[in-house]
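Just so it is clear, the values below take in all heavy atoms, side chains as well, and ignore hydrogens, waters and symmetry mates.
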Amino acid sequence: MWENERLRQEMKACEGELRELRRQQQQAPCRDCAHLQENAGLQERLSQLQQEAEEMRAKLAELDLEVQQKTNRLAEVELRLKDSLAERAEEEERLSRRLRDSQETIASLKSQPQQIKYIIKTVEVESAKAKQALCESQSRNQYLQEQVGMQRQVLKEMEQQLQSSQKTAAQLRAQIMMYEAELERAHGQMLEEMQAMEEEKNRAIEEAFSRAQVEMKAVHENLAGVRTNLLTLQPALRTLTHDYNSLKRQVRDFPLLLQETLRSARAEIGQAIEEVHSTNRELLRKYRRELQLRKKCHNELVRLKGNIRVFGRVRPITKEDGEGPEAANALTFDADDDAVLHLLHKGKQVSFELDKVFPPQASQEEVFQEVQALVTSCIDGYNVCIFAYGQTGAGKTYTMEGTAANPGINQRALQLLFSEVRSKAADWDYAISVSAAEIYNEALRDLLGKEPQEKLEIKLCPDGSGQLYVPGLTEFRVQSVEDINKVQGDGGGGGSRRVA
Ligand SMILES: Nc1ncnc2c1ncn2[C@@H]1O[C@H](COP(=O)(O)OP(=O)(O)OP(=O)(O)O)[C@@H](O)[C@H]1O
């Protein structure tokens with residue numbers, strides 16, 4: 001029991017040391033320590049040892065309990081044995097006393113023989129009873145002795161068990177001592193580790209301290225610089241604060257100012273819009289009047305010059321005409337009237353009156369000026385047709401197409417048309433399309449179509465307007481003179497005949 005108590009106390013002391021070690025370790029953790037792994041291993045080993053010690057302690061407690069129980073039982077048995085022994089001694093004493101009394105009585109009775117046969121008999125009877133009682137007492141005594149023997153046997157067994165328990169306790173103590181040694185060793189190792197960690201920690205602290213001192217010095221220097229800057233910046237800061245306050249005032253007043261400005265701007269814009277509107281109205285009015293004027297002019301032109309006008313153009317003599325009398329010019333002009341042409345035919349002069357006659361020296365520009373008004377009439381919505389008529393080599397193609405350097409009516413009319421359209425593009429939308437057809441030997445053919453040999457027909461428009469149209473005639477939308485030239489160049493029939 002005492003040994004168990006001592007073991008328990010030692011166990012408690014070991015646990016206390018363990019707790020102290022853990023506390024020390026928690027207080028001084030070494031994050032970057034190279035022995036961290038080893039420390040963890042030791043801790044694991046320590047926890048194993050602790051677990052084993054715990055198991056041992058449990059076992060010891062069990063043994064304690066068992067020994068206690070056996071000791072209690074032994075005490076009980078000893079008590080019962082003592083009682084039995086006392087009882088037996090008492091019985092023996094009583095029986096001996098009775099036997100002695102009986103023997104004394106027998107002896108006195110034998111010395112008085114006469115009277116006493118009856119008494120002898122009584123004594124004999126009594127002696128027989130005493131003998132029986134003695135016999136019973138003896139048998140009881142024997143039983144009690146057997147019991148005592150048995151109890152002794154039990155006591156012996158219990159002593160043996162106690163010895164074995166003590167032996168086990170000694171073994172356990174040895175194990176505990178071993179564990180203690182192990183613990184001691186681990187403790188020493190841990191102390192060494194702690195020492196090393198402590199040194200390392202101190203070293204790291206010193207290094208950090210010196211580094212911090214250097215950094216602190218640098219920070220102080222920076223601070224001094226910042227202070228100097230601060231002193232320099234203070235006037236600027238004052239100026240900035242002043243500016244800021246002024247800006248703040250401006251910002252505060254800004255919505256009012258903005259509202260005022262917006263109001264006046266709106267009024268100005270409204271006024272400007274109103275002015276623009278009135279200008280537009282005026283312009284529209286003028287434009288309409290101009291349109292009316294143009295129509296009137298056109299009508300006047302048509303009335304004055306006639307709906308159909310015929311101009312004559314005499315081309316100069318070319319090399320192709322040769323040099324003989326056949327090539328001589330048979331035409332003469334009236335110096336006072338540019339609408340008259342005289343032809344000398346078989347010695348006889350024949351005069352022709354046209355709307356205008358262009359002499360050989362007349363330029364392409366002069367010819368175009370005469371028909372220019374018709375082009376603008378076309379833009380105003382009138383149908384216009386300009387065509388050239390004459391014998392082969394008379395100069396129809398030259399007049400209508402001209403050359404690249406000196407273009408004829410077609411190119412100039414197109415230039416004028418697109419230039420007029422562009423100038424009116426802001427107010428009007430125009431769509432210009434081009435188509436080309438040829439009537440040759442009573443046959444109408446599409447010069448821009450894929451099948452130029454296909455014969456087309458002229459028909460009346462089904463809308464009842466009385467206009468003529470050619471069903472199936474190819475039509476291209478164009479945006480510029482170049483587009484028209486391209487269309488004419490690409491046209492299926494354009495390769496065989498020029499469009500004049
Ligand atoms: N006003 C002119 N000034 C200079 N040369 C001209 C003039 N008119 C025509 N010519 C020249 O006369 C020639 C014949 O002219 P052009 O080809 O225009 O005749 P045409 O009537 O179209 O003939 P065709 O009916 O056979 O096609 C060309 O070489 C052309 O350059």
Any donor and acceptor pair, going by atom type alone, linking the side chain of [X] with main-chain N or O of [Y] inside 3.5 Å?
X	Y	result
D446	T474	yes
S246	H242	no
Q364	N406	yes
K396	G390	yes
S465	C461	no
D337	A339	yes
D355	V310	yes

Between [X] and [Y], is any pair of side-chain heavy atoms under 4.5 Å apart?
X	Y	result
S351	Q349	yes
L63	E66	yes
V357	R313	no
Q361	P316	no

Charged N to carboxylate O below 4.0 Å: is that the case for [X] and [Y]?
X	Y	answer
R412	E365	yes
R57	E54	yes
E274	R281	yes
D321	R315	yes
E282	R285	yes

W428 and Y287 aromatic ring geometry - parallel, tilted or perpendicular at 30°/60° bounds: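 Ring orientation of Y287 relative to W428: tilted.
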Residue among Q195, K201, M197 satisfying side-chain contact (heavy atoms from CB on, under 4.5 Å) with E199: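 The option that passes is Q195.
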